[in-house]
S.K.: 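If you scroll down you'll find the structure; I have some questions about it.
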Amino acid sequence: MNKAEMVDALEVTLGGRKQAVTAVEAIVELITLTVAKGDKVAISGFGTFEKQARNARTGRNPRTGEAVKIKKTSVPRFRPGTAFKEVVSDTKALRAFQAAAKEKAASTGAVLTTASTGTAKKAAAVAKKAAPATRTAAPAAKKAAPAARTTTARKAAPAKTAATTRRTAKKA
């Protein structure tokens, strides 16, 4: 999900596109400025954003192999919270989280699914376009599996004839 898709998803909940854009930009700006100052942003259940200092060190130029001095710098760091880690790693926790989100959305009258914003329609269209390619790839995979069990000499011949057949079909 990118920033535009996030705005689309929040549009229904917040009551308009302008409010959604303002909210997303305000959150990103607030986190960026706070972390740049050196403060921590902790969102319970989600994670912590903080500034981490990296000491000066000596690196190597991969092309020449010569030593290169790397200056001291600061980088942003995100540490996910335990609830976030659990939802990402466990499918049961994910289902429970989705059910809770739907229940919360139903009680507030908002719709949090991406289907209402059109992103699900876009994803379905992409999946539909990819589906024919997947169907054609599946028989090829089935044909390749038996060839892998045979000797090397036999394996090369069928693959070569299949490739030449495709080329002649494309030329015609």
S.K.: Are Val75 and Val28 connected into the same hydrophobic cluster when the rule is that any two of I, L, V, M, F, W, Y join if their side-chain heavy atoms are below 4.5 Å apart?
M.R.: no

S.K.: Show your reasoning for whether side chain to side chain contact (heavy atoms under 4.5 Å, CB included) applies to Thr48 and Lys40.
M.R.: CA-CA 7 Å; Thr48 305; Lys40 215 187 260 191; 3.4 Å; yes

S.K.: Do Ile31 and Phe84 belong together in a cluster built from hydrophobic side chains that touch within less than 4.5 Å?
M.R.: yes

S.K.: Asn55: what forms a side chain to side chain donor-acceptor pair (under 3.5 Å) with it, not counting sequence neighbours?
M.R.: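 Counting only residues at least two positions away or on another chain, Asn55 forms no side chain to side chain donor-acceptor pair (under 3.5 Å).
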
S.K.: Could you walk me through whether Ile43 and Phe49 pass side chain to side chain contact (heavy atoms under 4.5 Å, CB included), step by step?
M.R.: CA-CA 9 Å; Ile43 303 170; Phe49 297 89; 4.2 Å; yes

S.K.: How are the rings of Phe46 and Phe78 set to each other: parallel, tilted or perpendicular (split at 30° and 60°)?
M.R.: tilted

S.K.: Kindly compute the distance separating CD (Glu5) from CD (Glu11), expressed to the nearest 0.5 Å.
M.R.: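 Rounded to the nearest 0.5 Å, the CD-CD separation comes to 13.0 Å.
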
S.K.: Name all residues meeting the side chain to side chain donor-acceptor pair (under 3.5 Å) criterion together with Arg77; count only those two or more places apart in sequence or in a different chain, and write none if there are none.
M.R.: none

S.K.: Using a side-chain heavy atom cutoff under 4.5 Å and only I, L, V, M, F, W and Y, what cluster partners does Phe97 have?
M.R.: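 Noted: Phe97 shares its cluster with Val87, Leu94.
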
S.K.: Output every pair passing salt bridge (charged side-chain N to carboxylate O under 4.0 Å, His left out) with a member in residues 51-68, not counting sequence neighbours, ordered by first then second residue.
M.R.: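 For residues 51-68, and leaving out neighbouring residues, there are no salt bridge (charged side-chain N to carboxylate O under 4.0 Å, His left out) pairs at all.
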
S.K.: So how far is it from Leu10 CG to Thr13 OG1, rounded to the nearest 0.5 Å?
M.R.: 6.0 Å

S.K.: Within the side chain of Glu29, is there an N or O that forms a donor-acceptor pair under 3.5 Å with the backbone of Ala26?
M.R.: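 Answer holds: no.
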
S.K.: Mind checking side chain to side chain contact (heavy atoms under 4.5 Å, CB included) for Thr34 and listing every partner two or more places apart, or none if nothing turns up?
M.R.: Leu30, Asp39, Val41

S.K.: Would you mind writing out the side-chain donor-acceptor pairs for residues 15-25 within the sub-3.5 Å range, not counting sequence neighbours?
M.R.:
residue: Arg17; atom: NH1; partner: Asp8; partner atom: OD1; Å: 2.6
residue: Thr22; atom: OG1; partner: Lys18; partner atom: O; Å: 2.8

S.K.: Check Ala83 against Gly45 and note the closest heavy-atom contact, atom names and distance.
M.R.: CB-O, 3.6 Å

